[in-house]
There are 2 protein chains.
Amino acid sequence: MNIIKAINRTRIKDIAQKANVSIGTVDRVIHNRGEVSNATRDRILRIIDEMEYQPNLMASTLASKKTFSFALLLPEPISPESYWNKPMVGVRRAFQEIQQYGININIHLFKQSDANTFNTEAGKIIDSNPEGVVLAPFFSRESKEFISELKKRAIPYVFIDSNIKDSDKLSYIGQNSFQSGTLAAKLLDFSVPENSSILVLHFAKERDNMNHLVQREKGFYEYFNTNLSSGKKKLITLEISDPTDIACQNQITDQLKSNPEIKGIFVTNSQVYYLARLIEGTNISGIRVIGHDLINENIDFLKKGIVDFLICQRPEEQGYKAIITLFEHLVLKKEVNNENYTSIDIITKENLDYYK
Amino acid sequence: MNIIKAINRTRIKDIAQKANVSIGTVDRVIHNRGEVSNATRDRILRIIDEMEYQPNLMASTLASKKTFSFALLLPEPISPESYWNKPMVGVRRAFQEIQQYGININIHLFKQSDANTFNTEAGKIIDSNPEGVVLAPFFSRESKEFISELKKRAIPYVFIDSNIKDSDKLSYIGQNSFQSGTLAAKLLDFSVPENSSILVLHFAKERDNMNHLVQREKGFYEYFNTNLSSGKKKLITLEISDPTDIACQNQITDQLKSNPEIKGIFVTNSQVYYLARLIEGTNISGIRVIGHDLINENIDFLKKGIVDFLICQRPEEQGYKAIITLFEHLVLKKEVNNENYTSIDIITKENLDYYK
DNA sequence: ACTTTTTCCGTGTTCGTACACGACAAAAAG
DNA sequence: CTTTTTGTCGTGTACGAACACGGAAAAAGT
């Protein structure tokens, strides 16, 4: 049983013959390079339609020495193991796959603490005049300036990680943070006994995209508001400015001691490992802990059983998808999705080894 | 910042010049087509090594009119919505991506109830003499015969869904059922109160690969054996031969009524929807239900909140990966993983919409 | 009516690789 | 010593599309 019989590449020659014109004329029409009279153009187009002509991409890229250059504008990873290395892995994989099509990728990094570096790098990108751009619109105002410049030059851009509404983007690749918060809530709700409390922990120092954290928390609360049967549970929110500070750590342990009915903790960002270290150091037990992102520190505590769940949004895939989206749009000239939410994955000790 | 500067394709011409031979001789060496004296071959090979030559795949496939044909041998889907349609989706996607490289895919289906159909189709595949084969080794004995024939002809084969050990396979793409059972156990353990019982349901009629079901159950029990803290929970196993039969249905409801402490149910295969229908019809509530596979019937009950978790193994991806593995091995001549476990995903009402 | 410009179209070459064909020499067979 | 076979190697063309170049025809300008 055949899905499709063979490669579809009915000959241009046939078309040229049928339309009674030269081969050159036919490909002028195909690449609408003008220089063809409307009469013959229409005639040829009709014939092409009939024959379901589909150009051979390999021959095409081979013949055209045209190269594409994509520019990336992402936050600089704060450490070799931190979150923003992950999208880069996906970018590299995508590059390996499509480099033979003449695609070049330039990575520009900005400091999350300094909007000026964003502007500098954005300027460099504009100067290099790439065919497409992938950016994390970390700084809202600066990003808007940047994309208005891109729009002026008709350079398509893809958002990664966070979104800007009504921005004529080519695509958004990222997570739905609200929904991920809801999911975390459900897991904790299921995992702790009735009549217990849940602690929501905000490690606010890392400004690793604040909006996400807010959305996650909203989703989390939303769950408990709509699921009245779980309403018996009390939620306590705590903001920790600096998890490395001992005073702040005491803040957490005090909270746990004074509220022994706390049976679940939700950490809104990737830094659940700070909490896990704290718990490991004391003899507190029986508390379900849920955090985000599969970074090495968290993996260790997941294996030890101190962290029970990690919610993960496939950052590698986001990087990969962003590049591939540009590629599909520019080279393959395919339609691409305007919004592309990556899946929200639940990682436990049990399925960790098989997560990719 | 550039990852890699450009496409690596240092000219053959340069090599030829350096080695003081003709271009023809150089590519004879590259494609080791014999017809070259050992002396010059060695000289050229050394120069190639120095220059890190890498052939252009596009030009290569363009020039060689060689086509590859891959054969698939999979169980026939029992209905348009059933499990075995999913791998097919992935196969189609893979085909779309690689068909331009001259790859043709032939799908052969056998009946899960009839080993003879397996043999017939296997024979057809042997006759068609494909370059590579993907098969689900559903019938152990018949599969072994088939692969010994393939081995004789040096046709590489990839197992999908289930594995045969020590079989010189190119690769195995599939799930780790045992681990998926462990995961299910953890989720149920977390979700039900202490001192309650858990019902393990085997819908044994669908022979949709029995070995998987056994493995899942083993993993499930394993979890409760090793996690002694959860040992307070009692496990009850029930085998239902025909879930459409009313007597069998009563068997389940009786069990639930006589054991009101049952607060969690684990269905070992994809047919959790039978149980969900039963629960929906009665006024039983407060029972956590976990099943497998994201088929349409199950999705409905997941949304309704009757089924709480579905464990899913990305069957589409399995189909996709199987084809791509053959492609990478035969066309790209890359190293491929001998075993490739797909990830074990947890789906709930909350993350369902984002699952791909 | 003439030149100049514009529009239209056919031919030829190129991209990087594969491979057929034939040339020539050396080795084997007659 | 001739004929046949085998082993080496160079050249030329093809794959399917892109595009430069230049010629012919049509339109515009004088």
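Note that the structure is a prediction, hence the values are computed from the model and not measured. A, B, ... follow the sequence lines: proteins, then strands. Residue 1 opens every chain. Heavy-atom basis, side chains included; hydrogens, waters and symmetry copies ignored.
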Let me know the distance between [atom1] of [X] and [atom2] of [N], rounded to the nearest Å.
X      : N      : atom1 : atom2 : answer
B:Q100 : D:dC15 : CD    : P     : 19 Å
A:M58  : D:dG16 : CE    : C1'   : 11 Å
B:N56  : C:dT17 : CG    : P     : 5 Å
A:R41  : C:dC8  : CZ    : P     : 9 Å

Check: With B:Q318, which of B:D161, B:N340, B:V91 fulfils side chain to side chain contact (heavy atoms under 4.5 Å, CB included)?
Finding: B:D161
Next item on the list: Find the distance between CZ (A:R314) and OH (B:Y354) and round it off to the nearest 0.5 Å.
Entry: 14.5 Å
Margin query: Could you measure the distance from the OG1 atom of B:T67 to the CD1 atom of B:I103? Nearest 0.5 Å is fine.
Written below: 9.0 Å
Notebook entry, point to check: What are the two closest non-hydrogen atoms of B:L326 and B:G132, and how far apart are they?
Noted result: CD1-C, 3.8 Å
Checklist line | Residue whose nearest DNA chain D nucleotide is more 5′ - A:K66 or B:A63 | finding: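 Per heavy-atom nearest nucleotide, the more 5' residue is B:A63.
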Notebook entry, point to check: Want to settle it: does B:S64 or A:S64 sit nearer the 5' end of DNA chain D, counting the closest nucleotide to each?
Noted result: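 The 5'-side residue here is B:S64.
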Identify all pairs in which a protein N or O lies below 3.5 Å from an N or O of nucleotides 10-12 of chain D, and state each distance.
| unit_1 | atom_1 | unit_2 | atom_2 | d |
| --- | --- | --- | --- | --- |
| D:dG10 | OP2 | B:S22 | N | 2.9 |
| D:dG10 | OP2 | B:S22 | OG | 2.3 |
| D:dG10 | OP2 | B:T25 | OG1 | 2.4 |
| D:dG10 | O5' | B:S22 | OG | 3.4 |
| D:dG10 | N7 | B:R28 | NH2 | 2.8 |
| D:dG10 | O6 | B:R28 | NH1 | 3.3 |

Margin query: Does any part of the side chain of A:F110, heavy atoms only, come nearer than 4.5 Å to the side chain of A:P75, both counted from C-beta?
Written below: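 Side chain of A:P75 against side chain of A:F110, heavy atoms only: contact under 4.5 Å found.
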Checklist line | Modelled atom types, side-chain donor and acceptor of A:E317 and A:T342, under 3.5 Å | finding: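 Judged by distance alone, the side chains do not pair up.
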Check: Do B:Y172 and B:F159 have ring centroids that are under 6.0 Å from one another?
Finding: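 No, the ring of B:F159 stays outside the 6.0 Å limit from the ring of B:Y172, centre to centre.
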Item checked: Pairing pattern in dot-bracket form [Watson-Crick, G-U; both distances under 3.5 Å; | = partner strand] for DNA chain C -> |.|||||||||||||||||||||||||||.
Notebook entry, point to check: Taking only residues two or more places apart in sequence or in another chain, which ones pass salt bridge (Lys or Arg N to Asp or Glu O under 4.0 Å) with A:E316?
Noted result: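 So A:E316 forms no salt bridge (Lys or Arg N to Asp or Glu O under 4.0 Å) with any residue.
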